[in-house]
2 protein chains.
Amino acid sequence: MAPKKLKTVEAAQAPAKRQHKADAKVATAPAKPRPLTRIQREKQDIILEAALEVFSVHGFRGATIDQIAEVAGMSKPNLLYYFPKKEEIHRRLMSELLVTWLAPLEEMRADGDPFVEIRSYIRRKLEMARDFPRQSRLFANEMLRGAPHIIDMLEVDLKALVDEKAQVLMTWMDQGKISRTDPYHLIFSIWATTQHYADFDVQVRAILGKGRGGEGRFEDAARYLEQLFLHGLTPRPKA
Amino acid sequence: MAPKKLKTVEAAQAPAKRQHKADAKVATAPAKPRPLTRIQREKQDIILEAALEVFSVHGFRGATIDQIAEVAGMSKPNLLYYFPKKEEIHRRLMSELLVTWLAPLEEMRADGDPFVEIRSYIRRKLEMARDFPRQSRLFANEMLRGAPHIIDMLEVDLKALVDEKAQVLMTWMDQGKISRTDPYHLIFSIWATTQHYADFDVQVRAILGKGRGGEGRFEDAARYLEQLFLHGLTPRPKA
DNA sequence: AAGATTTTTGACCAGTTGGAAAAATGTTAG
DNA sequence: CTAACATTTTTCCAACTGGTCAAAAATCTT
């Protein structure tokens with residue numbers, strides 16, 4: 001089975017207020033979507049950026065349109081001109097998220113060296129936690145709520161992708177290249193350990209303190225995780 | 001340093017509406033707190049239980065008093081009689097949470113066998129994820145928001161506890177009993193991997209599917225994590 | 001520059017929110 | 001039983017919520 005891209009949920013990216021009636025002229029034409037203008041694209045991006053900021057902290061219900069509008073630097077009605085519903089903004093965010101969020105796993109190649117592939121995957125996930133913490137938190141917020149908006153995609157697309165990669169892992173196990181263990185829980189543990197640095201960032205920093213809580217913590221984490229997944233905690237004689 | 005219990009934030013557990021003025025009799029007495037009646041304790045428990053249900057899913061801002069009251073089976077004003085402020089409920093929940101949530105780590109004894117101690121700790125945390133998923137999600141929700149209500153405790157009490165246990169781990173490393181690695185990130189990885197099964201439960205179940213998504217998933221997780229922390233993924237010759 | 005279109009704004013609305021006040025109802029110690 | 005207290009319900013409110021709408025302002029097209 002090919003890597004298979006997630007289907008995108010879009011479908012709701014109409015320019016704005018649908019059909020400014022102006023196309024009464026064309027009458028029966030099958031609703032040509034009309035390409036987005038520059039301004040529309042720019043404003044939508046600004047809004048999505050602001051929405052990410054707010055949703056990722058307060059969750060869907062806890063976030064307010066006013067707040068998003070304020071962060072986006074525009075009035076509420078103006079924002080609603082581009083996204084007529086609060087849900088619409090969230091939906092867009094979620095579908096964009098799922099695509100980019102799973103890309104790292106798709107990149108794990110069956111024909112590479114197992115340890116190199118797994119290590120690279122962990123690195124990539126850790127980099128995402130470092131560079132896109134808000135996306136990680138947005139995702140986490142959705143999970144905590146029971147993923148009402150994306151449960152279907154989880155059960156279909158995500159499951160398919162993970163099934164595929166679990167097969168790859170099992171092949172490696174069959175070949176004796178990595179230890180035989182549960183490939184699904186292996187993937188879970190990579191997700192958990194890497195995303196932890198985005199989602200629980202406050203806690204991580206509170207504990208590491210000023211001294212070690214700087215940007216270096218991601219390098220430390222990478223080094224630690226590398227060892228964990230390679231050898232666990234069993235002491236080995238020095239090389 | 002002794003295990004040191006977390007200080008409880010309480011301080012706001014007054015019976016209800018403060019000083020039903022009734023104590024004008026006692027006049028200048030130093031405000032005797034007056035012990036909680038049976039009903040007060042029961043009702044407060046019911047409310048806290050309902051609040052846990054709601055807060056853990058929607059976060060602080062996303063949760064409404066009406067909703068909590070409904071789950072608790074009482075009217076909103078009645079609920080407000082016991083907890084005059086929404087924040088009050090949340091505060092109580094959080095302080096109770098921190099105490100029970102960290103108990104497992106406190107139990108990790110320096111004088112035990114390292115692998116036994118670590119494995120037991122992982123087990124306990126996993127059991128908590130299984131038996132108290134809502135508490136786990138409540139905690140996660142607070143973290144995602146930047147832990148505004150408990151940041152102090154994280155920086156003081158939690159840090160102290162983790163520092164202490166990190167010392168224990170380092171001692172074990174010095175003795176060559178476990179592999180030398182970063183003890184803080186080791187603890188983080190245990191938290192992350194175990195809490196994942198509560199916080200991301202939907203995802204875990206969506207991926208494992210009906211077949212393996214049953215209660216058995218916790219046993220599978222325990223087995224997998226045991227191996228991960230013991231040996232990582234490096235294949236070993238069969239015993 | 002005029003006309004057509006798109007974007008922005010201000011006023012507004014109905015429903016919900018956290019919470020206050022007070023009246024009504026229980027409960028219990030003397 | 002009854003007074004003192006505890007609990008519950010009813011009513012109310014001001015602020016906030018997601019969202020509408022018409023008109024004004026800005027932009028684009030010709």
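Residue numbering restarts at 1 for every chain, and letters A, B, ... go by the order of the sequence lines.
Distance alone, capped at 3.5 Å, is enough to place a donor-acceptor pair between the A:Lys165 side chain and the A:Met108 backbone. Between the A:Gln195 side chain and the A:Ser136 main chain, no donor and acceptor come within less than 3.5 Å of each other.
Summarising the local packing, CD of B:Glu70 is surrounded by 12 or fewer heavy atoms from other residues, nucleotides or ligands at distances under 6.0 Å.
We find that A:Lys210 and B:Glu155 are not joined by a salt bridge, their nearest charged nitrogen and carboxylate oxygen being 4.0 Å or further apart. Under the 4.0 Å criterion applied to side-chain N and carboxylate O atoms, B:Glu219 and B:Arg130 are not assigned as salt-bridge partners. A salt bridge links A:Arg217 with A:Asp201: the closest approach of a Lys/Arg side-chain nitrogen to an acidic carboxylate oxygen falls below 4.0 angstrom. Using a cutoff of 4.0 Å between basic side-chain nitrogens and carboxylate oxygens, A:Arg124 and A:Glu127 are not scored as salt-bridged.
Within the structure, every side-chain polar atom (N or O) of A:Gln40 is placed at least 4.0 Å from both OP1 and OP2 of C:dT6. The side chain of B:Tyr81 places an N or O atom within less than 4.0 Å of a non-bridging phosphate oxygen (OP1 or OP2) of D:dT7. Using a 4.0 Å cut-off, some side-chain N or O of B:Lys85 falls inside it from OP1 or OP2 of C:dA20. A:Ser75 has no side-chain polar atom (N or O) that falls below the 4.0 Å cut-off from OP1 or OP2 of C:dT8. In terms of phosphate contacts, B:Asn78 brings a side-chain nitrogen or oxygen within less than 4.0 Å of OP1 or OP2 of D:dT9. For C:dT8, the OP1/OP2 oxygens have a side-chain nitrogen or oxygen of A:Tyr82 closer than 4.0 Å. Contact annotation: A:Lys43 does not reach the phosphate of C:dT6 (side-chain N/O to OP1 or OP2, under 4.0 Å).
For the pair A:Leu80 CG and C:dG10 C1', the computed distance is 14 Å after rounding to whole Å. One can place CD of B:Glu87 at 18 Å from P of C:dT17, the figure rounded to the nearest angstrom. In this entry the distance linking CZ of A:Arg41 with C1' of C:dT6 reads 15 Å, nearest Å.
Taking the screw axis at each terminus of the helix from C:dA1-D:dT30 to C:dG30-D:dC1 from five consecutive base pairs, the angle between the two is 20° to within rounding of 10 degrees.
Of all heavy-atom pairs spanning B:Ser56 and B:Glu53, the tightest one is OG-O, 3.1 Å.
Between B:Phe188 and A:Tyr197, the ring planes are perpendicular. Angles over 60° get that label, and only those under 30° would be called parallel.
The side chain of B:Pro77 has C:dA21 as its nearest neighbour among C:dT9, D:dT7, C:dA21. Nearest to the side chain of A:Lys86, among D:dG18, D:dT8, D:dT9, sits D:dG18.
For residues 52-66 of chain B, proximity to DNA chain C is found at B:Ala63, B:Thr64, B:Ile65, B:Asp66, defined as any non-hydrogen atom under 4.0 angstrom from a strand atom.
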